[in-house]
J.: 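Right, I'll just put the structure down here and ask away after.
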Amino acid sequence: MPNFSAKDVMDLRGRTGCGMMDCKKALTECDGDIEKAIDYLREKGLAKAAKKQSRIAAEGSVGSYICDKCGTGALVEVNCETDFVANTPEFKDMVSGIAQQIVRGNPADVDALMAEKYLDTDQTVADVITEKTAKIGEKISIRRFARYECGENGYVDSYIHMGGKVGVLVKAEVPEVNDTVKEVLHDVALQIAAASPVAPEYVSRDQVNPDHLNHETEILAAQARNEGKP
């Protein structure tokens, strides 16, 4: 039986900022000694990683994964503090792995994703994020993700632009998947990326709201007048 209480776990969590499971494990390893548990968490880098969660992660990378067998695709944005870290192979591999886990697990939201087991390991996605935060030395957080299942008559494609600065995941319903369909859908993904940061709001012309069309027309006309065009 563990020789510590729930209050001890909460106290350790309050002093280190680490997760409940990490605090329980530390107290178990240290026979309930809170001071030793703090040192344990520091040695593992977990306390340091927890403190970094209050910092701002404004950089990051977008990654995607599409299953070869089922065609389901996922796109995920993972943030860090510097562009240098975002461009490292280790960070990009982690982003790609998280995208793969999204395809496998189909989580409802980021919180659900964080609680899932990471690929074929015993670690959760949250554990992986904490471990990488401790190792790399920057705050790392998952901002958002998208997931599309292709179904019987669908096809999913992705495109990552500027080394992970812009990502697109697009799905189309088609009667048959062939090389032409794949090429066209990839071109659509390229076009969406090219339109960033003002992504297209409509798939086809008949979906366009007339008020929106008039508004955009007025803006373009004003731009032309300001440039001295007729």
Side-chain angles (χ1 to χ4, degrees), residues 1-65 74-145 147 164 167:
M1 293 292 290
N3 55 346
F4 58 87
S5 65
K7 183 179 182 300
D8 293 329
V9 175
M10 294 303 297
D11 287 344
L12 181 59
R13 187 182 187 191
R15 293 177 65 178
T16 63
C18 294
M20 293 287 289
M21 296 306 297
D22 290 326
C23 290
K24 285 183 179 180
K25 182 177 179 181
L27 286 167
T28 300
E29 293 290 332
C30 300
D31 296 323
D33 188 313
I34 290 183
E35 297 303 323
K36 289 182 179 179
I38 291 174
D39 289 341
Y40 174 91
L41 291 169
R42 290 182 62 194
E43 289 169 4
K44 294 294 184 181
L46 298 176
K48 183 178 179 181
K51 289 181 180 179
K52 293 188 188 316
Q53 294 308 308
S54 62
R55 285 155 50 170
I56 297 173
E59 297 293 336
S61 183
V62 177
S64 66
Y65 175 79
L75 189 74
V76 63
E77 177 185 352
V78 182
N79 296 135
C80 58
E81 294 182 47
T82 65
D83 192 50
F84 174 79
V85 166
N87 288 320
T88 60
E90 182 176 5
F91 188 84
K92 289 185 178 296
D93 287 345
M94 179 192 67
V95 175
S96 179
I98 292 172
Q100 185 174 348
Q101 179 56 45
I102 293 168
V103 168
R104 289 188 183 188
N106 191 18
D109 51 34
V110 172
D111 288 338
L113 170 61
M114 294 289 279
E116 289 186 352
K117 294 293 185 181
Y118 180 73
L119 301 180
D120 299 318
T121 71
D122 291 330
Q123 290 182 301
T124 64
V125 174
D127 291 335
V128 171
I129 295 293
T130 299
E131 185 178 89
K132 292 297 183 184
T133 297
K135 180 179 180 181
I136 293 173
E138 290 191 6
K139 176 181 177 180
I140 298 173
S141 59
I142 300 174
R143 183 182 178 192
R144 53 185 170 175
F145 66 84
R147 181 182 183 275

J.: For F91 versus V85, what's the shortest heavy-atom pair and its separation?
T.: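 Closest pair (atom of F91, atom of V85, distance): CB-O, 3.2 Å.
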
J.: So, for I140 and I136, which heavy atoms are closest and what is the spacing to 0.1 Å?
T.: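 Distance-wise, the nearest heavy atoms are CD1-CD1, 4.0 Å.
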
J.: Any donor-acceptor pair under 3.5 Å linking the side chain of N79 with the backbone of G60?
T.: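 No.
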
J.: Show, in sequence, the C-alpha distance, side-chain angles and deciding distance for L12 and K24, and conclude whether the side chain to side chain contact (heavy atoms under 4.5 Å, CB included) test is met.
T.: CA-CA 9 Å; L12 181 59; K24 285 183 179 180; over 6 Å; no

J.: Going from CD on E59 to OG1 on T82, what distance comes out if it is rounded to the nearest 0.5 angstrom?
T.: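 Going from CD on E59 over to OG1 on T82, the span is 7.5 Å.
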
J.: Does the side chain of P107 reach to within under 4.5 Å of the side chain of I102, using non-hydrogen atoms?
T.: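 Yes, their side chains come closer than 4.5 Å.
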
J.: Got V128 and I98 here, is their nearest side-chain heavy-atom distance under 4.5 Å?
T.: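 When only atoms from C-beta onward are counted, I98 and V128 do not touch, as no gap falls below 4.5 Å.
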
J.: Using modelled atom types only, decide if a donor and an acceptor are shared between the side chain of R147 and the backbone of A74 within a distance under 3.5 Å.
T.: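 Not a single qualifying donor-acceptor pair exists.
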
J.: Please report the closest heavy-atom contact between V62 and V95, naming both atoms and the distance.
T.: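 Minimum heavy-atom contact is C-CG1, 4.1 Å.
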
J.: Can you confirm whether L27 sits close enough to Y40 that some side-chain heavy atom of one is under 4.5 Å from a side-chain heavy atom of the other?
T.: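 Contact flag for L27/Y40 side chains = no.
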
J.: Judged by atom type as modelled, is there a donor-acceptor pair below 3.5 Å linking the side chain of D39 to the main-chain atoms of K36?
T.: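 No; judged by distance alone, with no hydrogens or angles, the pair does not exist.
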
J.: For the CG atom of N3 and the CG atom of D8, what is their distance to the nearest 0.5 Å?
T.: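 Spacing of CG (N3) from CG (D8) equals 9.0 Å.
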
J.: Flag the pair I38 / E35 as yes when at least one side-chain heavy-atom distance between them is below 4.5 Å, and no otherwise.
T.: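 Of all side-chain heavy-atom pairs linking E35 with I38, at least one is under 4.5 Å.
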
J.: Sub-3.5 Å donor-acceptor pair from the side chain of Q101 to the main-chain atoms of L119, do we have one?
T.: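 Checked: pair present.
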
J.: Closest heavy-atom contact between R143 and V110?
T.: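 In terms of heavy atoms, the two residues are closest at O-CG2, 3.9 Å.
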
J.: Report yes or no: does E138 contribute a side-chain atom to a donor-acceptor pair with the main-chain N or O of E81 at less than 3.5 Å?
T.: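 Flag set: sc E138 to bb E81 pair under 3.5 Å.
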
J.: To the nearest 0.5 Å, what is the distance between CZ (F4) and CG (D11)?
T.: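 Separation between the atoms: 12.5 Å.
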
J.: Tell me which pairs pass salt bridge (Lys or Arg N to Asp or Glu O under 4.0 Å) where either residue lies in residues 88-106, with sequence neighbours left out.
T.: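 Pairs touching residues 88-106 that pass the test: E90-K132, E90-K135, R104-D120.
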
J.: What verdict does the side chain to side chain contact (heavy atoms under 4.5 Å, CB included) test give for T121 and D127, after you've listed the backbone C-alpha separation in whole Å, the side-chain angles of each residue and the deciding distance to 0.1 Å?
T.: CA-CA 11 Å; T121 71; D127 291 335; over 6 Å; no

J.: Closest approach of S96 and S64, non-hydrogen atoms and distance?
T.: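 Where S96 meets S64 most closely, the heavy atoms are OG-O, 4.3 Å.
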
J.: Taking all non-hydrogen atoms of both residues, which atom of T124 and which atom of A115 are closest, and how far apart?
T.: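 It is CG2-O, 3.7 Å.
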
J.: Looking at residues at least two apart in the chain, or sitting in another chain, which of them share a side-chain hydrogen bond (donor to acceptor under 3.5 Å, both in side chains) with D33?
T.: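 With neighbours one apart ignored, the set is empty.
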
J.: Mind checking the CG-SG spacing from L41 to C23? Nearest 0.5 Å is all I need.
T.: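 Answer for the CG-SG pair, L41 versus C23, is 5.5 Å.
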
J.: Should we say atom CG of D122 is surrounded by more than 12 heavy atoms from elsewhere, each under 6.0 Å from it?
T.: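 No, because the 6.0 Å sphere around CG of D122 holds 12 heavy atoms or fewer from other groups.
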
J.: Rounded to the nearest 0.5 Å, how far does CG of D22 lie from OG1 of T130?
T.: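 Output value for this atom pair is 6.5 Å.
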
